[in-house]
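As structure tokens, the structure follows; a few thoughts come after it.
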Protein chains: 2
Amino acid sequence: MKDQDNKTLSNTQRAVRDLRQMIVSGELAAGTDHLESELAATLGMSRTPVREAALMLESKGLLEMRPRKGVRILPVSSEDMREIYDILTELESLAAQRAAEAGYSKEDLAVLAASIAQMDKAIETEDLEAWAKADELFHQELVRLGGNKRIEAIVAMMSDQVRRARATTLFIRPLPVKSNEDHRAVFQAICEGRPDEAHDRHREHRLQAKAILCGILEKHRLNSL
Amino acid sequence: MKDQDNKTLSNTQRAVRDLRQMIVSGELAAGTDHLESELAATLGMSRTPVREAALMLESKGLLEMRPRKGVRILPVSSEDMREIYDILTELESLAAQRAAEAGYSKEDLAVLAASIAQMDKAIETEDLEAWAKADELFHQELVRLGGNKRIEAIVAMMSDQVRRARATTLFIRPLPVKSNEDHRAVFQAICEGRPDEAHDRHREHRLQAKAILCGILEKHRLNSL
DNA sequence: GCATTCTTTAACGTATACGTAAAAAAATGC
DNA sequence: GCATTTTTTTACGTATACGTTAAAGAATGC
């Protein structure tokens with residue numbers, strides 16, 4: 001079913017998609033090395049498209065190509081986490097502001113509203129996977145509504161880099177009930193066209209997330225996720 | 001002389017360096033298409049390293065690979081300019097703030113001071129090339145002092161994307177005498193450890209640059225540089 | 001003369017081959 | 001037994017070959 005569009009995807013594109021998935025899911029563990037020929041065998045193709053894919057994923061900060069050492073899956077330290085959350089804070093807050101300036105209709109904001117509803121439900125049922133998914137959707141959609149394609153791309157890239165670490169901390173941290181209050185406030189501000197409010201609320205939201213996540217990483221000495 | 005370090009660079013790396021240079025300098029004009037085989041012939045190597053380099057430059061937003069159409073050098077519209085300056089505004093302002101928080105010594109800030117001196121001189125002699133170079137140095141060094149490697153990389157990427165457009169507007173706009181006052185104010189704030197001041201002054205600086213540049217582009221109908 | 005189908009061309013995607021150089025293993029000397 | 005040199009291995013960087021297929025051009029039918 002999902003193999004259908006494989007027909008139109010080149011091997012290089014499949015390799016990018018599959019390797020990215022294997023990295024963010026942890027199937028290729030952080031810090032591990034993998035020969036190009038191994039990956040090629042795993043993916044059932046020759047080295048050429050694997051190399052091309054690896055170069056692209058290197059540009060996206062997911063791995064590093066080291067001659068004769070193989071492809072290294074980049075681990076994420078708490079310092080990396082700080083860098084990334086600082087960037088997410090600034091760019092997402094701007095997106096929130098711009099979304100509020102855009103004068104979107106209720107229908108335009110349907111996905112954002114849905115992500116909030118999904119998170120409510122996830123918290124009620126204490127389903128952490130669902131919570132993470134709803135959280136991801138909210139942030140992604142918020143950035144999309146911001147209308148800056150490059151911010152979208154950068155935020156997606158940064159999100160990929162921290163996805164593994166976030167997944168880990170998810171089961172350590174307390175149930176994040178506060179998050180959805182923040183989302184709701186940002187949503188309201190966007191609905192009512194209050195850019196500064198949207199900006200500042202989202203900014204606070206991200207600053208808190210940074211503090212919590214980096215706190216957990218440092219407390220548990222998780223310095224290479 | 002500059003060929004010495006070629007010895008240690010792979011063809012792929014040379015291709016990245018040379019193609020990037022040819023793009024930002026305008027030698028490969030915006031909007032033009034180039035076959036992989038042509039580029040390979042130009043650079044004196046086979047298609048393989050050229051393809052690898054093109055994929056990396058595609059990730060950096062400098063070109064687009066379109067099957068059978070060749071590699072397309074991406075033009076920059078005034079809308080692109082807005083997107084990019086919005087990102088630069090946020091990330092550089094944060095860098096300025098962090099630099100002010102870091103408590104750097106006079107020596108640490110020598111390069112930043114030098115860039116201001118260079119710009120003074122450039123304005124005095126009305127040397128626009130030198131002005132642009134000093135401007136670039138100030139912003140690059142500021143971001144470096146901010147201490148966030150990812151912001152450094154993103155800002156470098158965005159700067160590359162607008163370099164051609166900036167070079168063009170440089171000869172249309174009035175001599176930017178105000179810029180260095182801003183730089184000096186940011187520098188002072190960093191010296192004296194006033195993060196908010198550094199942040200806000202730099203933010204204003206970038207917002208004005210955005211308005212001026214986008215204004216020129218739209219006024220002159222320059223929508224594809 | 002125009003639309004349509006067929007043929008031809010050529011650019012790309014990718015497999016493969018191979019030289020090079022780094023790392024590992026083996027051999028040598030002390 | 002350890003350090004040093006030599007040999008072997010092997011992973012990579014890159015040239016090359018080739019099938020596929022999209023686009024351009026030619027031929028056909030109306």
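Chain naming here is simple, since letters A, B, ... match the order of the sequence lines and numbering starts at 1 in each. Just so it is clear, the model here is predicted, and its values are computed rather than measured. Just so it is clear, the values below take in all heavy atoms, side chains as well, and ignore hydrogens, waters and symmetry mates.
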Salt bridge (charged side-chain N to carboxylate O under 4.0 Å, His left out) partners of [X], counting only residues at least two apart:
| X | result |
| --- | --- |
| A:Arg203 | A:Glu90 |
| A:Arg221 | none |
| B:Glu218 | B:Arg82 |

Could you state the [atom1]-[atom2] distance from [X] to [N], rounded to the nearest angstrom?
| X | N | atom1 | atom2 | answer |
| --- | --- | --- | --- | --- |
| B:Leu9 | D:dC12 | CG | P | 19 Å |
| A:Leu43 | C:dG13 | CG | C1' | 16 Å |
| B:Leu55 | C:dT14 | CG | C1' | 13 Å |

inquiry  = Out of the candidates B:Arg66, B:Arg68, B:Lys69, only one should pair with B:Asp33 under the salt bridge (Lys or Arg N to Asp or Glu O under 4.0 Å) rule; please name it.
reply    =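 Only match with B:Asp33 under salt bridge (Lys or Arg N to Asp or Glu O under 4.0 Å): B:Arg66.
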message = I'd like to know if the side chain of B:Thr168 and the backbone of B:Arg164 have a donor-acceptor N/O pair within less than 3.5 Å.
response =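 It does hold such a pair.
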inquiry  = I'd like to know if the side chain of A:Asp108 and the backbone of A:Ser105 have a donor-acceptor N/O pair within less than 3.5 Å.
reply    = yes
key: Partner set under side-chain hydrogen bond (donor to acceptor under 3.5 Å, both in side chains) for B:Glu27, not counting sequence neighbours   =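 Partners of B:Glu27 by the side-chain hydrogen bond (donor to acceptor under 3.5 Å, both in side chains) criterion come out as none, since no residue qualifies.
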note = Contacts of B:Ser179 meeting side-chain hydrogen bond (donor to acceptor under 3.5 Å, both in side chains) (sequence neighbours excluded), chain-then-number -> none
inquiry  = Between A:Ser115 and A:Gln118, do the side chains contain a donor N or O and an acceptor N or O under 3.5 Å apart?
reply    =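 Result is no, nothing qualifies.
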ask   = Nearest nucleotide by nearest heavy atom, which residue falls closer to the 5' end of DNA chain C, A:Lys69 or B:Met65?
value = B:Met65
task = Run the salt-bridge test on A:Glu136 and A:Lys133 with the 4.0 Å N-O cut-off and return the result as yes or no.
result = no
ask   = So which pairs with a foot in residues 139-160 of chain B pass ring pair (Phe, Tyr, Trp, His ring centres under 6.0 Å), sequence neighbours left out?
value =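 Residue pairs with at least one partner in residues 139-160 of chain B: B:His139-B:His183, B:His139-B:His202, B:His139-B:His205.
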message = At a heavy-atom distance below 4.0 Å, what parts of residues 47-54 of chain A sit against DNA chain D?
response =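 A:Arg47, A:Arg51, in order of number.
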note = Residues at least two apart in sequence or cross-chain that pass side-chain contact (heavy atoms from CB on, under 4.5 Å) with A:Glu129, listed by chain then number, are A:Asp127, A:Phe171
Enumerate the protein-to-nucleotides 19-22 of chain C contacts in which both atoms are nitrogen or oxygen and the separation is below 3.5 Å.
unit_1	atom_1	unit_2	atom_2	d
C:dA22	O4'	A:Arg68	NE	3.3

message = Using a strict heavy-atom distance below 4.0 Å, which residues from residues 28-42 of chain B are in contact with DNA chain C?
response = B:Leu35, B:Glu36
query = Applying side-chain hydrogen bond (donor to acceptor under 3.5 Å, both in side chains), which residue pairs with at least one partner in residues 147-157 of chain A are found, sequence neighbours left out?
reply =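 Passing the test, one end in residues 147-157 of chain A: A:Arg150-B:Asp80, A:Arg150-B:Glu83, A:Arg150-B:Gln161.
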Distances for protein N or O near nucleotides 5-9 of chain C N or O, under 3.5 Å:
none

